[in-house]
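Structure first, commentary second.
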Amino acid sequence: PIKTLARCHKILEYSARQILQTDTEDNDPIPPNFPYPQLRLRFSRLHKAPELFRSTVPKSEDRGLLIEMTGTVIKSGQTNMLELKKEFACNSCEGILMLDTDEEQFYTYPKTPNCPQDGCNKTNTLKATGKVNPEFCVDYQEVKLQEKIGNLTMGTIPRSISVLLLEDLTDTCKPGDDVTVIGVVINRWHSLGRGENGVTDIELAINANYLKVTNDQSADGRRISDAHIKQFTDFWSTDDPNIGPSYGYLPLIGRDKILASFWPQVYGMYIVKLAVCVVLCGGVQQVDETGLKVRGESHLLMVGDPGTGKSQILRYTAKLVPRSILCTGIGSTTAGLTVSAIRESGQWNLEAGALVLSDGGVCCIDEFNSIKESDRACIHEAMEQQTLSVAKAGLVCKLQTRCSILAAANPKGKYDSSLPLTVNISIASPLLSRFDLVFLLLDTKDEQWDDLVASYILAGRDIADEMSSSTDGHWDMEKLRSYFEYSKRLMPELSEDASCILQAYYVYQRRCSNSDDIRDKARTTVRLLQSGIRLAQGHARLMQHTIVTTMDAIIAVMLLEMTSLTNMDGSGSMFNTSGLIPDVSSLLHTTFPDDPTSDYCIAA
């Protein structure tokens, strides 16, 4: 039955046309000029059995099967007009006949040197009349579908397959979209040119019957199990203390329980883990009456010495977030980060880069300062406006890049506190101001801290086994991934008290930037206030708050204060002129507090 399903849908489609035509002739409920050839039978969903569903590129034994495949569109071709049938005339018998295109030969017409009419035995007499019948002309587009990276094993290079779109399926997707395609697997081969010998180049393709874009940023974007939702609800419950460990009355302790499960292989770095979790939760996108959008995703830049764990943070985050791309600045170019234009078969097609493919997720960029200056300038629009305006080779369009950027950079040599941050990492102020948080991770010498880290590493514990067998509230990666997806469904609104705190901090930063040289003036702009709003909303999502409370605003101010104090004095301690944060020698040397509630009350 599976092998005959691909052939049956043509028969069912023809039968539906005949039934509709019969009803029209009997009852005449539809106008006589109803376009019967436009009636199509679409399969919107197949049973997800191994015989019908594919998460990777189909193989040669799948040829002729009607399958369902999920993937990411990495390239889209131009929409052209395709003539499914063409009129030919015989020069000998003057017969007229219609020939169908061959989909396995890129919709070209078969070479028929002999006239098929009875009584005509002459060869090479068929010639195209040049007449175009609009009834047999349809829209045609070809896109390239790539396997989802999350469905592949480690070390596997993702493959791609061409998908043929006809009629109403054209222009329904763009590069970077996650789609579900239902279609028939076919063979396609290139005809041999003049002077070419050997085997023709044969490839697999999918003749699409149905296509649906599945990367919409809605609440139903990813399925979360009911068991996980109940666990999250009970975790923050304030009703019954007997249902398990609930932290409704101790929210900061509950938050630190979640942070302890995040990136457990690395000791300490409490502030960094908190900031990454807030960035992953993200803020709420704002749209005014004119349609102008203010991004909700936050960006984080970590600047530090080698061996401080920056790359490990990026790799863990890329593994935690389902829709994420991990790349390095040394091997990244403008086309690799944004979008490239490729010419194939005489046409220009767009192929998506890392920022477009990570739309709706996280783009992790290591060695950010190794990207060429000309290539870094191309991501200004992608970071702030969350779009990419493309005008290449006559292709003018706009692609979405609604993703958070986690970047890591190394200073040029030893970090010089007498120079501004832009000089130490060679990143211009316009690009640096687009990051909501910029953390400085310096490897300062602390004998007590070094002893704790060495003991933690030399213990040789298996973190995965301990977390799976522990009962003190540690979460595994799947539960943590579901929690972040569940938190992003919330749309917290700013309260009046939180707005007053963020406003007062913004005014204070503007006043201080004009009176001293400690703070970076490039960062004390309106973007600072927007960053505070996003971080406060991200912390509210992390705490499962429907309204941004005073606590969320204060935590956002603390994170921003860590960013503004990037200069260090000769002793290795951060300047702390405002008194909003406790004195710390380095963000690396921050451990989980024994009583986070008391520390919060002291800082607030």
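Starting from 1, each residue takes its place in the sequence as its number. Here the structure is a predicted model, which means the values were calculated and not measured.
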Residue pair Ile555, Arg255: steps toward the side chain to side chain contact (heavy atoms under 4.5 Å, CB included) verdict:
CA-CA 12 Å; Ile555 297 298; Arg255 183 201 65 184; 3.9 Å; yes
Walk me through it: do Leu388 and Gln400 pass the test side chain to side chain contact (heavy atoms under 4.5 Å, CB included)?
CA-CA 6 Å; Leu388 275 177; Gln400 299 290 335; over 6 Å; no
Evaluate Thr328 against Phe368 for side chain to side chain contact (heavy atoms under 4.5 Å, CB included), listing each step before the verdict.
CA-CA 7 Å; Thr328 58; Phe368 188 75; over 6 Å; no
Show your working on side-chain hydrogen bond (donor to acceptor under 3.5 Å, both in side chains) between Tyr505 and Gln509 and close with a plain yes or no.
CA-CA 6 Å; Tyr505 178 73; Gln509 285 287 326; 3.0 Å; yes
Could you go step by step and tell me if Thr549 and Met543 meet the side chain to side chain contact (heavy atoms under 4.5 Å, CB included) rule?
CA-CA 10 Å; Thr549 62; Met543 305 287 288; over 6 Å; no
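In terms of modelled atom types and a separation under 3.5 Å, the side chain of Arg541 and the main chain of Met491 share no donor-acceptor contact. Formation of a donor-acceptor pair under 3.5 Å by the Ser358 side chain with backbone atoms of Ile325 is not found in this model. Listed for the Asp359 side chain is a donor-acceptor partner under 3.5 Å among the backbone atoms of Arg402. Of the possible polar contacts, one joining the His299 side chain to the Ile405 backbone as a donor-acceptor pair under 3.5 Å is found. Ser433 places a side-chain N or O within 3.5 Å of a backbone atom of Ser429 that can act as its donor or acceptor partner. Remark: the backbone N or O of Val279 is not paired with any side-chain donor or acceptor of Ser298 at under 3.5 angstrom. Judged by distance alone, the side chain of Lys310 and the main-chain N or O of Leu301 form no donor-acceptor pair under 3.5 Å. Remark: the backbone N or O of Tyr483 is paired with a side-chain donor or acceptor of Ser487 at under 3.5 angstrom. In terms of modelled atom types and a separation under 3.5 Å, the side chain of Asn369 and the main chain of Asn410 share a donor-acceptor contact. In this structure, Arg295 contributes its side chain and Met383 its backbone to a donor-acceptor pair below 3.5 Å.
Here the side chains of Glu381 and Gln386 are not in contact, with every heavy-atom distance at 4.5 Å or above. In this structure, His380 and Glu384 have side chains that are not in contact, with every pair of non-hydrogen atoms separated by 4.5 Å or more. Between Phe262 and Thr317, some side-chain heavy-atom pair lies under the 4.5 Å cut-off. When side chains are defined from C-beta on, Gln385 does not count as touching Lys293, because their heavy atoms never get closer than 4.5 Å. Looking only at side-chain heavy atoms (C-beta outward), Cys403 and Val362 stay at 4.5 Å or farther from each other. Contact of the Tyr506 side chain with the Val526 side chain is registered, since non-hydrogen atoms from C-beta on lie closer than 4.5 Å. Within the 4.5 Å cutoff, the side chain of Gln537 has no heavy atoms near those of the Asp552 side chain. Counting heavy atoms from C-beta on, the side chains of Phe435 and Leu300 never come closer than 4.5 Å.
The shortest non-hydrogen separation linking Ser324 to Ala318 is OG-O, 2.6 Å. The minimum heavy-atom distance between Lys398 and Ser389, with the atom names listed, is CE-OG, 3.6 Å. Closest heavy-atom contact between Ala556 and Leu535: CB-CB, 3.8 Å. The two residues Trp236 and Leu542 make their nearest non-hydrogen contact at CZ2-O, 3.9 Å. Between Leu314 and Ala407, the closest heavy-atom pair is CD2-N, 4.5 Å. Scanning all heavy atoms of the two residues, the minimum distance from Thr401 to Ala382 falls at OG1-O, 3.2 Å.
Within the structure, ring pair (Phe, Tyr, Trp, His ring centres under 6.0 Å) contacts touching residues 268-288 (residues at least two apart or in different chains) are Tyr270-Phe592.
For the atom pair Leu480 CG and Cys277 SG, the distance stands at 6.5 Å (nearest 0.5 Å). Rounded to the nearest 0.5 Å, atoms CD1 (Ile271) and CG (Leu441) are 11.5 Å apart. One distance of note links NZ of Lys479 with OH of Tyr486; it measures 13.0 Å at 0.5 Å rounding. Atom OG1 in Thr338 sits 9.5 Å away from atom CD1 in Ile379 (nearest 0.5 Å). Distance check, rounded to the nearest 0.5 Å: CG of Leu280 to CZ of Arg481 gives 11.5 Å. Separation of atoms CE (Met558) and CG (Leu274) is listed at 10.0 Å; rounding is to 0.5 Å.
Residue Ile547 places its CD1 atom among 12 or fewer non-hydrogen atoms of other residues, nucleotides or ligands, all under 6.0 Å distant.
The existence of a salt bridge linking Glu485 and Lys488 is excluded, since no basic side-chain nitrogen approaches an acidic carboxylate oxygen closer than 4.0 Å. Here Lys230 does not pair with Asp226 in a salt bridge; the nearest charged N to carboxylate O distance is not below 4.0 Å.
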